[in-house]
Amino acid sequence: MGDNVVVSNMELERLLSMKGGKGEASYANNSQAQAIHAKSMLHFLKEALDGVELHDPNIPFVVVDLGCSCGSNTINVMDVMVKHIMKRYEALGCNPPEFSAFFTDLPSNDFNTLFQLLPPMANYGDSMEECLAANNHRCYFAAGVPGSFYRRLFPARSVDVFHSAFSLHWLSQVPESVEDKRSSAYNKGRVFIHGANEITTNAYKKQFQTDLAGFLNSRSIEMKSKGTMFLVCLGRTSVDPTDQGGAGLLFGTHFQDAWDDLVQEGLISNEKRDDFNIPVYAPSLQDFKEVVEADGSFSINKLEVFKGGSPLVVNQPDDASEVGRALANSCRSVSGVLVDAHIGDKLSEELFLRVEKRGTNHGKELLEKLQFFHIVASLSFVQ
């Protein structure tokens, strides 16, 4: 796409995705931190699954991962969920039902790479013991569902378990007032809301809560009676929304400075930078709780902030150049598609080279300070 393209909110849903394929900056090769963070929260997930009502084994059990992306993390967590439910049936002395697993994300998601990573289906007719012991096969039927999880994706009363990790902090759109030059919420000089004025961040907060309300309303229609939802998204510990915590350090420091470099070097205009905003909002626990309680369809079993750790996974922490590369690849894997669309591939390459250089110059500081916190929510559907 050309240098003069501005990604509109209507185009965002069509374009937004983690970087596909299997290259160095792909999400598949830059989601190790998410894998580590997800593994550290598996006990919470299993607690949530223990609350799901088991039904007639003649009816397929339906599990959905919302915001699956295109790496192995979604496959690993699906395996954990299906096998945990199978073990619950086994403990009751019952044969398990067949399992349907739906992987959902926006239409631009690289489903091809995801499906290539799927392990082969276990032999039909294998015993439960054989299925549970199979580490290189899956015990479920798999399908992909493209679409925004802020709207309906499934038939009414069809899903037993919804899971979503590291996705709900992505907004359905950049708030219109944030991109309106006439508005006091216009995010002039910035590409993210970390450190922005209160009016701007409140526009983001309102957008997050509107989106989460749409998400909960859709799931309340799609979920079976006494179903369970387990959600993880970026969160913050500060009550001040202008302090976006780890997300702020990822997008509001060296990434921001790299955009400013392009402006100062005359490669892009101030206006071109100002027209770009990362559609991410890290909510506080209160931001999240207000929406769940206002919706009223779900009871809260667990809602807390969990320290996830650094998004940078490096083999040699003392190698500043490796830290810089990890920062650039981490930023690029989740925002590269949007950057490419906004300024074109060539300038995007220049931008992330500057992110890498700045990250290299601040390697030790990044490893010490760049820490993510996550909101972990276990919700049960109440009719």
Side-chain angles (χ1 to χ4, degrees), residues 16-40 67-74 105 109-110 113 165-170 191-194 232-236 244-259 261 276-282 307-342 345 348-374:
L16 180 60
S17 68
M18 303 301 98
K19 196 165 186 67
K22 298 176 182 178
E24 183 185 354
S26 67
Y27 186 81
N29 286 324
N30 288 280
S31 53
Q32 301 97 322
Q34 290 91 326
I36 294 168
H37 301 171
K39 190 173 182 180
S40 69
C68 62
S69 193
C70 53
S72 60
N73 291 347
T74 183
D105 214 310
N109 185 58
D110 184 4
T113 293
F166 317 122
S167 297
L168 274 167
H169 46 264
W170 286 97
V191 297
F192 189 49
I193 57 164
H194 186 69
V232 180
C233 72
L234 283 182
R236 67 176 197 275
Q244 285 285 292
L249 289 175
L250 186 65
F251 291 123
T253 53
H254 305 303
F255 181 73
Q256 171 71 56
D257 292 340
W259 282 89
D261 288 343
F276 184 85
N277 283 274
I278 292 287
V280 164
Y281 179 80
K307 186 175 182 179
S310 174
L312 307 180
V313 178
V314 294
N315 295 319
Q316 297 176 301
D318 293 332
D319 184 349
S321 63
E322 185 184 355
V323 177
R325 243 183 347 265
L327 176 68
N329 286 337
S330 182
C331 285
R332 194 170 199 168
S333 70
V334 297
S335 70
V337 170
L338 295 179
V339 176
D340 292 352
H342 191 71
D345 295 354
S348 179
E349 187 69 31
E350 293 291 334
L351 177 79
F352 288 109
L353 283 173
R354 285 155 180 75
V355 173
E356 180 177 343
K357 182 179 179 181
R358 287 181 171 278
T360 299
N361 292 336
H362 297 83
K364 185 178 179 182
E365 178 189 5
L366 276 169
L367 289 180
E368 290 174 356
K369 295 185 177 180
L370 183 50
Q371 300 289 319
F372 277 171
F373 285 85
H374 298 108

Main-chain N/O of D110 paired with T113 side-chain donor or acceptor, under 3.5 Å: no

Kindly indicate whether the side chain of N277, heavy atoms from C-beta on, has any atom under 4.5 Å from the side chain of V191. no

List the atom of V355, the atom of C331, and the distance in Å for their closest heavy-atom pair. CG1-SG, 4.5 Å

What one should report as the nearest heavy-atom pair of Q316 and E322 is N-OE1, 3.0 Å

What is the minimum heavy-atom distance between N109 and S69, and which atoms define it? ND2-O, 3.1 Å

Rounded to the nearest 0.5 Å, the CG atom of L351 sits from the CZ atom of R332 at a distance of 8.5 Å

Of the non-hydrogen atoms in L327 and G359, which two are nearest, and what is the gap between them? CD2-CA, 3.7 Å

Rounded to the nearest 0.5 angstrom, the NZ-NE2 distance for K357 and H362 is 12.0 Å

If I take atom SG from residue C70 and atom CG from residue D105, how far apart are they, to the nearest 0.5 angstrom? 8.0 Å

L367 vs V323 side-chain heavy atoms within contact, under 4.5 Å: yes

Do R236 side-chain atoms and Q244 backbone N/O form a donor-acceptor pair below 3.5 Å? no

Do V339 and F255 touch side chain to side chain, with heavy atoms closer than 4.5 Å? yes

Heavy-atom closest pair (L234 atom, A247 atom, distance to 0.1 Å) is CD1-CB, 4.0 Å

Given ring-ring contact (aromatic ring centres under 6.0 Å, His included), test H342 with F276 step by step and report yes or no. CA-CA 7 Å; H342 191 71; F276 184 85; 5.4 Å; yes

Between NE2 of H254 and CG of D261, what distance do you get to the nearest 0.5 Å? 11.5 Å

As a quick check of understanding, evaluate side-chain contact (heavy atoms from CB on, under 4.5 Å) for D319 and V314, giving each step before the final call. CA-CA 9 Å; D319 184 349; V314 294; over 6 Å; no

Minimum-distance pair of heavy atoms, taken over all atoms of L168 and C233: CB-CB, 3.9 Å

Could you check whether any side-chain heavy atom of W259 comes within less than 4.5 Å of a side-chain heavy atom of R354, counting everything from C-beta outward? no

When rounded to the nearest 0.5 angstrom, what is the spacing between CZ in F372 and CG in L312? 8.0 Å

Hey, are the side chains of S335 and F192 touching, using non-hydrogen atoms and a 4.5 Å cut-off? no

Starting at NZ of K307, measure out to NE2 of H374 and round the result to the nearest 0.5 Å. 12.5 Å

Would you call the rings of F251 and W170 parallel, tilted or perpendicular, taking 30° and 60° as the class edges? perpendicular

